[in-house]
Amino acid sequence: MFANGLTYLAIPGPSVMPERVLRAMHRAAPNIYTGELHDVTRSVIPDLKTLAGTRHDVAIYIGNGHAVWEAALSNVIGAGDTVLVLATGRFCEGWGEMADGLGASVETIDFGNSNAVDLAQVEAVLKADTEGRIKAVLTVLVDTSTGVLNDVKGIRDTMNAAGHVALLMCDCIASLGCDEYYMDNWGVDITVAASQKGLMTPPGIGFVWFNDKANAVRETTPKVSRYWDWRPRVNADEYWKFFDGTSPTHHIYGLREALDMINEEGLQNVWARHDGLARAIWAAIDAWAAEGPMEINVMNPAERSRAVTSLCLEEGQADALRAWCEHNMGVTLGIGLGRTPASAFFRLGHMGHVNGHMVLGFLGTIDAGLKALGIPHGKGALEAASQTLADLAGTRSACCGETKAGVDTCCG
Ligand SMILES: *Cc1c(COP(=O)(O)O)cnc(C)c1O
């Protein structure tokens with residue numbers, strides 16, 4: 001009934017695409033042999049490295065997140081190798097299944113669906129691996145099915161404490177440009193991400209960052225498929241001309257614009273925006289959850305992503321809520337993933353091109369849906385969310401921001 005107008009996608013990828021990115025892509029096919037496209041491709045490389053917090057290499061692939069899962073594994077993992085999967089939801093499990101498909105032997109520690117990786121368990125498993133069978137530890141910064149945020153630095157510290165030299169491979173597909181991440185400082189050897197979440201660009205290109213230690217392991221991998229091999233992809237002269245096939249022309253232009261937007265705002269500010277918006281969402285959920293069936297999946301705020309939130313209601317209610325929000329209000333919520341009963345779970349994407357009014361809009365929509373469907377819930381969710389944003393933004397950002405002796409000269 002109220003759906004006509006600008007529709008809104010509050011799902012954890014693909015995320016909302018900025019007009020600027022769409023406009024940058026709206027162009028005729030460029031010359032792929034020489035000229036501007038090569039310059040633009042060259043220009044995204046340093047920005048991609050900054051984004052992941054690394055001074056090492058990044059390879060670009062035409063493909064989605066699943067593609068870069070395979071790309072990363074293919075360079076360092078072969079048949080007979082062992083990987084350790086730290087499962088905090090569906091996604092790291094999926095990466096492990098891909099390793100299994102490549103012939104690796106996969107060991108999994110399952111931390112359930114509502115908690116971050118327990119470092120003590122990781123340490124015990126690594127210490128027991130006295131022969132050094134485990135070649136790589138696979139983890140996610142954020143698991144998009146559960147909304148769990150992992151302590152990736154803690155995982156590396158634990159590996160060090162156990163005296164284990166395995167590669168640390170981290171999936172940042174959901175969370176790069178949303179949750180804080182420092183690949184080099186945290187001691188991650190390989191990072192993967194894709195274009196369509198925090199990076200605000202359509203699905204279709206993905207990235208593998210790798211350090212010298214990972215590249216040394218690559219050198220000992222006997223066979224790597226020509227397409228996944230990262231070595232030619234970091235050789236500018238060979239690669240930017242040919243991209244192992246046609247360049248992802250329009251994606252490169254879209255990505256350039258998205259990176260410009262991140263640079264203009266400043267990465268720290270981008271992270272702070274995601275943090276504040278997530279806090280507003282959590283405040284609303286706390287209010288709803290005070291009565292009735294709603295529960296946030298991750299109870300401990302320190303273990304929650306700033307990019308995606310997973311919630312549950314009673315069986316059937318999440319499906320009904322999603323349908324109500326879409327058909328009546330033009331807001332699409334994310335489906336529950338990898339959970340049973342699926343019809344009780346839903347997810348909110350708040351990654352990338354998202355701001356205060358977008359968040360208040362979808363929270364208000366959910367509030368209306370809970371009322372319309374008669375799903376019992378606590379009151380005051382919107383009040384709590386708007387108060388959170390008001391407190392965090394304060395009065396200063398509405399003014400010139402000039403202060404004298406601690407007093408804002410613009411708004412007092
Ligand atoms: C989205 C996502 C993937 C899968 O990416 P696709 O582009 O859908 O293949 C993998 N891992 C995480 C953490 C994700 O959020």
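Excluded from the calculations below are hydrogen atoms, water molecules and symmetry mates; all remaining heavy atoms, backbone and side chain alike, are included. Start at 1 and go down the list; that is how both ligands and their atoms are numbered.
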Between Val142 and ligand 1, find which residue part has any heavy-atom pair under 4.0 Å and reply side chain, backbone, both or neither. backbone

Would you say the ring centroid of Trp186 lies under 6.0 angstrom from that of Tyr181? yes

With distance as the sole criterion, is a donor-acceptor pair present between the side chains of Thr309 and His350 under 3.5 Å? yes

Using side-chain heavy atoms (C-beta onward) and a distance below 4.5 Å, is Val298 in contact with Trp282? no

Side-chain contact test, heavy atoms from C-beta onward, threshold under 4.5 Å: evaluate it for Val354 versus Ser15 and give yes or no. no

Can you name the atoms of ligand 1, numbered from 1 with element, that are less than 4.0 Å from a heavy atom of Asp171? 10 (C), 11 (N), 12 (C), 13 (C)

Could you tell me if any non-hydrogen atom of Trp69 lies under 4.0 Å from any atom of ligand 1? yes

Any idea which part of Asn64 is under 4.0 Å from ligand 1, heavy-atom wise: side chain, backbone, both or neither? both

Could you tell me whether Ala194 and ligand 1 have an N or O pair separated by under 3.5 Å? no

Kindly confirm or rule out an N or O of Asp143 lying under 3.5 angstrom from an N or O of ligand 1. no

Do Arg256 and Asp260 sit within salt-bridge range, that is, some charged N less than 4.0 Å from a carboxylate O? yes

Atoms of ligand 1 less than 4.0 Å from Thr144 heavy atoms? 12 (C), 13 (C), 14 (C), 15 (O)

Evaluate the side-chain proximity of Val40 to Tyr253: yes if any heavy-atom separation is below 4.5 Å, no if none is. yes

Below 4.0 angstrom from a heavy atom of Lys197, which ligand 1 atoms are there? Numbered from 1 as shown, please. 1 (C), 2 (C), 3 (C), 14 (C), 15 (O)

When you measure from atom 6 (P) of ligand 1 to every protein heavy atom, which one gives the shortest distance, and what is it? Gly65 N, 3.3 Å

Tell me whether Val192 reaches ligand 1 (any heavy atom closer than 4.0 angstrom to a ligand atom). no

Report yes if the distance between the aromatic ring centroids of His66 and Trp69 is under 6.0 Å, otherwise no. yes

Starting from atom 9 (O) of ligand 1, locate the nearest protein heavy atom and write down its residue, its atom name and how far away it is, to 0.1 Å. His66 ND1, 2.5 Å

Taking atom types as modelled, is there a side-chain donor on Tyr8 or Thr365 under 3.5 Å from an acceptor on the other? no

